[in-house]
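Numbers here are sequence positions counted from 1. Only heavy atoms go into these numbers, but all of them, side chains included; no hydrogens, no water, no symmetry mates.
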Amino acid sequence: MKKRQLMLGNEAIARGLFEAGCRLVSSYPGTPSTEISEYAAKYDEIYAEWAPNEKVAFETALGAAIAGGRSFCAMKHVGLNVAADPLFITAYTGINAGMVITVADDPGMHSSQNEQDSRHYAIAAKLPMLEPCDSSECLNFTKLAYDLSEEYDVPFIIRTTTRIAHSQSLVELSDRVEKEVKEYVKSAPKYVMMPGYARPKHPNAEARLEKLRKIANDETFGLNKIIEGSNEIGIIASGVAFDYAKEAFGDKASYLKLGMVNPMPDELIKRFAASVKKLIVIEELDNILESHVKAIGIECEGKNKLPIIGEFSHELIKKALLDEENDKIALEEKMPNRPPVLCPGCPHRGLFYTLKKLGLTVLGDIGCYTLGAVAPLEAMDTTLCMGASVSSIHGFTKIRPADAKKTVAVIGDSTFMHSGITGLVNITYNKGISTVMILDNSITGMTGHQHNPCTGFTLKGEPVRGLLPEKICEAAGIAPEHIRIADPGDPASLEKILKEELETEAPSVIIARRPCMLLKSVVKDSFCIIDSDKCKKCRACMKIGCPCISMDKDTGKPVIDTSLCTGCGLCEKMCRFDAIKTLKR
């Protein structure tokens with residue numbers, strides 16, 4: 001009897017990598033995909049690494065597949081934008097050993113800056129895409145994807161969403177099947193994508209999709225299947241949308257469950273549509289399935305009743321399609337919002353307080369520090385995409401040169417390594433005078449404390465020589481005298497350095513260096529208290545938005561929750577009346 005285990009979807013994909021004989025994993029952390037690579041790194045048989053960005057990760061995995069070893073990379077939906085260049089090329093080149101890519105979409109934007117639908121990429125790149133609906137399929141589809149990848153000479157994409165990635169269900173475990181490294185054969189017509197070699201590849205990619213469509217239409221293959229119920233309603237769905245539909249409708253409907261969402265199974269769709277009286281397509285985000293169904297001449301309902309934005313639930317489907325009111329929905333609509341806040345002791349808090357105090361324009365980036373945009377700090381002007389702060393400040397100050405002395409860009413150490421370096425090179429090469437702040441908290445914080453090239457450790461926990469951002473900045477053309485190190489926990493010193501560098505007529509970098517307070521290596525042996533007798537109710541300590549500090553409704557004075565306080569001392573530095581003291585635990 002095989003062993004069964006409860007696993008997250010991400011953990012199950014990692015298990016699938018292990019069982020399928022995957023040799024190399026290269027990824028960049030991005031919620032909700034991050035844990036796949038972290039779980040994969042626990043298997044000694046798999047070499048696993050964090051790459052500086054998704055493009056590098058994809059190309060590393062592609063190089064491994066060309067060399068003859070099964071490979072994998074994972075990313076979130078916006079990370080696929082970064083990897084799009086090599087992604088499209090692989091439909092032409094193909095691979096040698098199997099290659100699988102997992103992209104995790106985020107309907108509802110739980111941890112993302114947009115809500116894009118990665119199915120568009122599979123269609124545009126002419127690559128096959130699978131979509132599991134639970135952890136068991138996450139494992140099994142991963143293993144199957146490798147076999148199909150090698151059979152059809154093409155990478156396979158596995159699309160998940162936040163709910164599949166972070167929900168648990170039972171999986172059946174198998175032993176690892178070790179795969180020998182395939183022979184590498186030099187072949188310029190296969191791998192060198194200059195026009196003469198690339199032109200014949202496009203027809204090949206189209207022909208491959210037609211071959212894969214036969215698999216999609218074959219129910220015995222197990223990816224796409226009809227589940228019979230009442231023929232009054234027929235539902236076409238994939239991924240978590242199928243789970244919601246099944247829970248909402250039960251046996252009141254029949255289902256065409258799609259495990260392969262590109263290419264589409266046209267013949268199977270037509271046969272299923274003919275067997276039911278009313279056809280409904282249920283899919284989160286864009287109307288990709290619905291549009292395809294209509295394009296092959298079949299009438300159906302879908303986005304005329306279901307939203308094109310946000311995350312679905314079985315309650316939402318019941319309300320929209322079965323006209324059933326639900327108490328849970330009504331309750332959720334009445335619940336007040338709970339805005340996110342920087343953690344107690346976060347080094348970014350003092351920095352954004354200082355930026356707001358100086359009235360600066362702040363071009364932001366992707367990371368924990370994006371919370372510098374919300375009350376009460378409200379210091380951030382823009383947050384676009386990874387690395388955009390450094391690139392956009394150059395354009396901003398070129399158009400508004402007089403504003404260069406009151407404008408900064410902020411970017412984290414991991415994001416700087418991801419895509420901030422080239423923007424800095426652009427500033428120095430094109431005679432910019434922008435001030436860039438690298439918020440070095442010694443870790444990739446937002447996605448859960450992953451290492452990056454600056455931290456000195458690999459994904460496997462092996463020590464390496466960590467890169468120093470200041471050395472990279474100097475190599476990028478910043479004069480050494482305009483590369484400054486500052487402590488964001490010391491607002492007065494930080495303010496002095498900021499004013500000096502903003503006044504200079506040269507590009508400058510300020511590295512605000514203090515480790516994330518949540519790191520295990522950071523000692524948290526103190527806390528702050530407020531002497532109520534000395535407090536003058538000036539509320540200066542409330543301006544930093546520390547979750548440890550609240551107002552006592554009886555006294556009208558602030559109090560500190562010592563169980564949360566990390567003793568960073570920022571509030572103590574701000575109190576002009578000596579009412580706040582730091583004590584040892």
Side-chain angles (χ1 to χ4, degrees), residues 10 27-34 36 53-55 57-58 73-85 87-88 101-125 127 129 131 157-166 238-241 261-262 283-291 303 306-313 316 337 339-340 362-374 380-393 395-396 409-412 414-415 418-420 423 444-448:
N10 281 348
S27 305
Y28 181 81
T31 307
S33 71
T34 305
I36 301 173
N53 64 35
E54 293 86 357
K55 182 177 186 291
F58 191 104
C73 65
M75 60 202 71
K76 66 185 297 176
H77 58 292
V78 287
L80 194 56
N81 300 334
V82 181
D85 198 355
L87 177 82
F88 277 70
I101 307 111
T102 289
V103 55
D105 286 3
D106 190 19
M109 293 181 283
H110 298 282
S111 59
S112 309
Q113 67 268 41
N114 76 6
E115 204 173 23
Q116 71 189 49
D117 191 324
S118 295
R119 293 177 295 173
H120 290 292
Y121 268 111
I123 295 167
L127 291 173
M129 175 178 274
E131 187 169 1
I157 305 172
I158 296 177
R159 176 190 185 240
T160 67
T161 58
T162 300
R163 292 300 159 203
I164 297 300
H166 291 159
S238 64
V240 75
V261 293
N262 192 56
E283 56 187 325
E284 289 182 322
L285 301 182
D286 295 339
N287 56 338
I288 294 174
L289 300 181
E290 180 184 349
S291 295
K303 294 302 181 184
L306 292 163
I308 203 166
I309 59 175
E311 188 176 29
F312 284 10
S313 65
L316 182 148
N337 287 329
V362 181
L363 305 186
D365 225 292
I366 306 299
C368 303
Y369 44 91
T370 303
L371 294 173
V374 300
M380 196 91 77
D381 287 69
T382 66
T383 297
L384 304 173
C385 59
M386 298 283 279
S389 63
V390 185
S391 303
S392 62
I393 193 175
F396 189 94
V410 295
I411 186 168
S414 179
T415 312
H418 179 285
S419 48
T444 307
M446 183 174 63
T447 48

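Residues satisfying the side-chain hydrogen bond (donor to acceptor under 3.5 Å, both in side chains) criterion with E283, sequence neighbours excluded, are R119. The ring pair (Phe, Tyr, Trp, His ring centres under 6.0 Å) search around Y28 returns H418, not counting sequence neighbours. For H77, the ring pair (Phe, Tyr, Trp, His ring centres under 6.0 Å) test picks out no residue, with sequence neighbours left out.
For the atom pair L371 CG and M380 CE, the distance stands at 8.0 Å (nearest 0.5 Å). Atoms SG and CG, from C73 and L80 in turn, are 9.0 Å apart once rounded to the nearest 0.5 Å. In this structure, the separation between OG1 on T161 and CD on E131 is 7.0 Å, given to the nearest 0.5 Å. Distance CD1/I158 to CE/M129: 10.0 Å, rounded to 0.5 Å. Here CG of L363 is found 4.5 Å from OG of S392. Values are rounded to the nearest 0.5 Å. From K55, atom NZ reaches atom CG of N53 across 7.5 Å, with rounding to the nearest 0.5 Å.
Counting heavy atoms from C-beta on, the side chains of D105 and R159 come closer than 4.5 Å. Between S238 and L289, some side-chain heavy-atom pair lies under the 4.5 Å cut-off. Side-chain contact between D365 and T383: absent, with no pair of heavy atoms (C-beta onward) separated by less than 4.5 Å. Contact of the S27 side chain with the M75 side chain is not registered, since no non-hydrogen atoms from C-beta on lie closer than 4.5 Å. Side-chain contact between L285 and E115 is present, with at least one heavy-atom pair separated by less than 4.5 Å.
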Margin query: The test is side-chain contact (heavy atoms from CB on, under 4.5 Å); show your working for L306 and L316 and say whether it passes.
Written below: CA-CA 8 Å; L306 292 163; L316 182 148; 3.9 Å; yes

Checklist line | Verdict with supporting geometry, F312 and V240, side-chain contact (heavy atoms from CB on, under 4.5 Å) | finding: CA-CA 9 Å; F312 284 10; V240 75; over 6 Å; no

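Ion pairing of R163 with E311 is present here, as a side-chain N (NZ or NE/NH1/NH2) and a carboxylate O approach within less than 4.0 Å.
With S33 contributing its side chain and G30 its backbone, the two residues share a donor-acceptor pair below 3.5 Å. Side-chain atoms of T415 never come within 3.5 Å of backbone atoms of I411 as a donor-acceptor pair (strictly under, hydrogens ignored). The main-chain N or O of G367 is found under 3.5 Å from a side-chain atom of T370 such that the two form a donor-acceptor pair. The main-chain N or O of M386 is found under 3.5 Å from a side-chain atom of S419 such that the two form a donor-acceptor pair. Listed for the T160 side chain is no donor-acceptor partner under 3.5 Å among the backbone atoms of A165. A donor-acceptor pair is defined here as one N or O able to donate and one able to accept, closer than 3.5 Å; no such pair exists between the side chain of Y121 and the backbone of A84. With hydrogens and angles disregarded, no donor-acceptor distance shorter than 3.5 Å links the side chain of D286 to the backbone of I288. Within the 3.5 Å criterion, the main-chain N or O of T31 finds a donor-acceptor partner in the side chain of K76. D381 places no side-chain N or O within 3.5 Å of a backbone atom of G364 that could act as its donor or acceptor partner. Looking at D106, its side chain does come within 3.5 Å of a backbone N or O of H110 through a donor-acceptor pair.
Across L384 and A388, no two heavy atoms sit closer than the pair CB-CB, 3.8 Å. The shortest heavy-atom contact between K303 and N287 is CG-CB, 3.5 Å. The two residues P29 and T447 have their closest heavy-atom pair at CB-OG1, 3.7 Å. Closest approach of T162 to P32, counting heavy atoms only: OG1-CG, 3.6 Å.
Judged by distance alone, the side chains of N81 and E54 never bring a donor and an acceptor atom under 3.5 Å apart.
Heavy-atom neighbours of I309 CD1 from other residues, nucleotides or ligands within 6.0 Å: at or below the threshold of 12.
Tested against I157, the residues L87, T102, N262 include a single side-chain contact (heavy atoms from CB on, under 4.5 Å) partner, L87.
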